[in-house]
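Only a predicted model underlies this, so the values are computations on that prediction, with no experimental measurement involved.
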Amino acid sequence: MRRPLMAANWKMHKAAGETRAFFEKFKPLVERADHCDIVIAPPFTSLAAAAEAARGSNISLAAQDMHWEKKGAFTGEVAPGMIRDAGCEYVIVGHSERRNFFYETDDSVSRKLAAALDAGLTPIVCVGEKLEEREAGATELVLTRQFFGAFSALTASQFSRIILAYEPVWAIGTGRTATPQMAADAHRLLRKLSDERFGTEVAHNLRILYGGSVKPDNIKGLMAQTEIDGGLVGGASLDPDSFAAIVNF
Ligand code: PGA
């Protein structure tokens, strides 16, 4: 049995005060949620407030991105060790907004991945097709390219430490969710690729999250698919009641 994981991606929302207020309301709502892992990814500047607020709770923290170098002249960037130091156990890598607005490539995703693993972080790696790619029947091709682009340099033991997130770009922030069936099909493909490249046991244990307009009213249907091991939630994670309802699906 794979343990479910519910991750909140706050994107560019919530300064430190709003972060503290969120945790105050959210913590009691999920304190008995021992059926799944809970991860929150605030913006960098709110990590300290989140770490303080999450101390002693069942909530772990993630960064939304990082650089692959340990230190150096990279203005504006944050290193893996700094993220660890700020209290993160996880880091989101290759989110479609990073790929589309900030020109991240499969190559930079793969470098970040290796650096995250090196620093003892658990990477949550995002893949997913755009609308025109789905409509052109290219979903499988795109996911396969992204999969090998990100993971071909990893050993099976490294790969066993990552979490995958399938996020169809057309479903992110649009209110248009993939049907549980569509998501499960994509997850099955990703698990098949994992099996071929890294072996059956590693593939079986791999957690694959679905992301893209996950809401309290569709999480149950998604989680009913055995292929779906959790959610990566943007908009609906900003409100403590809404994210708690997702965690307690
Ligand atoms: P959304 O975002 O839930 O607002 O669609 C998901 C994501 O980008 O991870």
Group every Ile, Leu, Val, Met, Phe, Trp and Tyr by side-chain heavy-atom contacts under 4.5 Å, then state whether [X] and [Y] land in the same group.
| X | Y | value |
| --- | --- | --- |
| Leu5 | Trp10 | no |
| Val91 | Ile163 | no |
| Val93 | Tyr90 | no |
| Val202 | Leu113 | yes |
| Ile40 | Val30 | yes |

request  = Check the pair Glu104, His95 against side-chain hydrogen bond (donor to acceptor under 3.5 Å, both in side chains), reporting the backbone distance first and the verdict last.
outcome  = CA-CA 9 Å; Glu104 287 214 8; His95 190 279; over 6 Å; no
task = Tell me whether the guanidinium CZ or amine NZ of Arg20 lies under 6.0 angstrom from the six-membered ring centre of Phe23 and within 45° of its axis.
result = no
Answer yes when [X] and [Y] have at least one side-chain N-carboxylate O distance shorter than 4.0 Å, and no when they do not.
| X | Y | answer |
| --- | --- | --- |
| Arg3 | Asp229 | no |
| Glu24 | Lys27 | no |
| Glu196 | Lys192 | yes |

task = For the pair Tyr210 and Tyr166, name the ring-plane relationship: parallel under 30°, tilted 30 to 60°, perpendicular over 60°.
result = tilted
Closest heavy-atom pair and its distance - [X], [Y]:
| X | Y | answer |
| --- | --- | --- |
| Phe147 | Leu190 | CE1-O, 4.0 Å |
| Leu164 | Phe151 | CD1-CZ, 3.4 Å |
| Lys112 | Met66 | CE-O, 3.0 Å |
| Val142 | Gly128 | CG1-O, 4.2 Å |
| Arg207 | Pro4 | NH1-O, 3.9 Å |
| Cys88 | Ala62 | SG-C, 3.6 Å |

If only atom types and distance count, is the side chain of [X] paired as donor or acceptor with the main-chain N or O of [Y] below 3.5 Å?
| X | Y | answer |
| --- | --- | --- |
| Gln225 | Leu222 | no |
| Gln64 | Ala41 | yes |
| Ser96 | Arg99 | no |
| Ser213 | Ala171 | yes |
| Ser57 | Ile59 | yes |
| Ser152 | Gly149 | no |

task = Can you establish whether the number of heavy atoms outside Glu201 located under 6.0 Å from its atom CD is more than 12?
result = no
task = Flag the pair Ile172 / Glu97 as yes when at least one side-chain heavy-atom distance between them is below 4.5 Å, and no otherwise.
result = yes
Within-4.5 Å side-chain heavy-atom neighbours: Val214 and Met6 = no
Nearest-0.5 Å distance that lies between atom [atom1] in [X] and atom [atom2] in [Y]:
| X | Y | atom1 | atom2 | value |
| --- | --- | --- | --- | --- |
| Asn218 | Lys220 | CG | NZ | 12.5 Å |
| Asn58 | Asp37 | CG | CG | 9.5 Å |
| Asp185 | Thr179 | CG | OG1 | 7.5 Å |
| Thr155 | Arg161 | OG1 | CZ | 9.0 Å |
| Ile162 | Leu206 | CD1 | CG | 6.0 Å |
| Asp195 | Arg188 | CG | CZ | 14.0 Å |

Check: residues 230-248 side-chain donor-acceptor pairs under 3.5 Å, at least two apart:
from   : atom 1 : to     : atom 2 : distance (Å)
Ser237 : OG     : Val233 : O      : 3.1
Ser237 : OG     : Gly234 : O      : 2.7
Asp239 : OD2    : Asp241 : N      : 3.2
Asp239 : OD2    : Ser242 : N      : 2.9
Asp241 : OD2    : Lys25  : NZ     : 3.3
Ser242 : OG     : Ala236 : O      : 2.5
Asn248 : ND2    : Leu29  : O      : 3.1
Asn248 : ND2    : Ala244 : O      : 3.1

Name each donor-acceptor pair under 3.5 Å that joins a side chain in residues 71-85 to protein atoms two or more places apart or in another chain, with its distance.
from  : atom 1 : to     : atom 2 : distance (Å)
Arg84 : NH1    : Ala119 : O      : 3.2
Arg84 : NH1    : Gly120 : O      : 2.9

query = Going through the distances and angles, do Val109 and Val125 end up as a side chain to side chain contact (heavy atoms under 4.5 Å, CB included)?
reply = CA-CA 8 Å; Val109 169; Val125 185; 4.1 Å; yes
remark   = The single option from Gln181, Arg2, Arg191 that satisfies side-chain hydrogen bond (donor to acceptor under 3.5 Å, both in side chains) with Glu227 is Arg191
inquiry  = Any donor-acceptor pair under 3.5 Å linking the side-chain atoms of Glu129 with those of Trp170?
reply    = yes
request  = Mind running side chain to side chain contact (heavy atoms under 4.5 Å, CB included) on Leu121 and Leu117 for me, showing each step along the way?
outcome  = CA-CA 5 Å; Leu121 292 158; Leu117 289 168; over 6 Å; no
message = The test is side chain to side chain contact (heavy atoms under 4.5 Å, CB included); show your working for Asp106 and Arg145 and say whether it passes.
response = CA-CA 9 Å; Asp106 290 338; Arg145 192 199 67 220; 3.6 Å; yes
request  = Would you please indicate yes or no on a ring centroid separation below 6.0 angstrom for His13 and Phe22?
outcome  = no
Donor-acceptor list for residues 43-51 side chains, cut-off 3.5 Å, not counting sequence neighbours:
from  : atom 1 : to    : atom 2 : distance (Å)
Ser46 : OG     : Lys14 : O      : 2.8
Ser46 : OG     : Ala16 : N      : 3.4
Ser46 : OG     : Thr19 : OG1    : 3.4

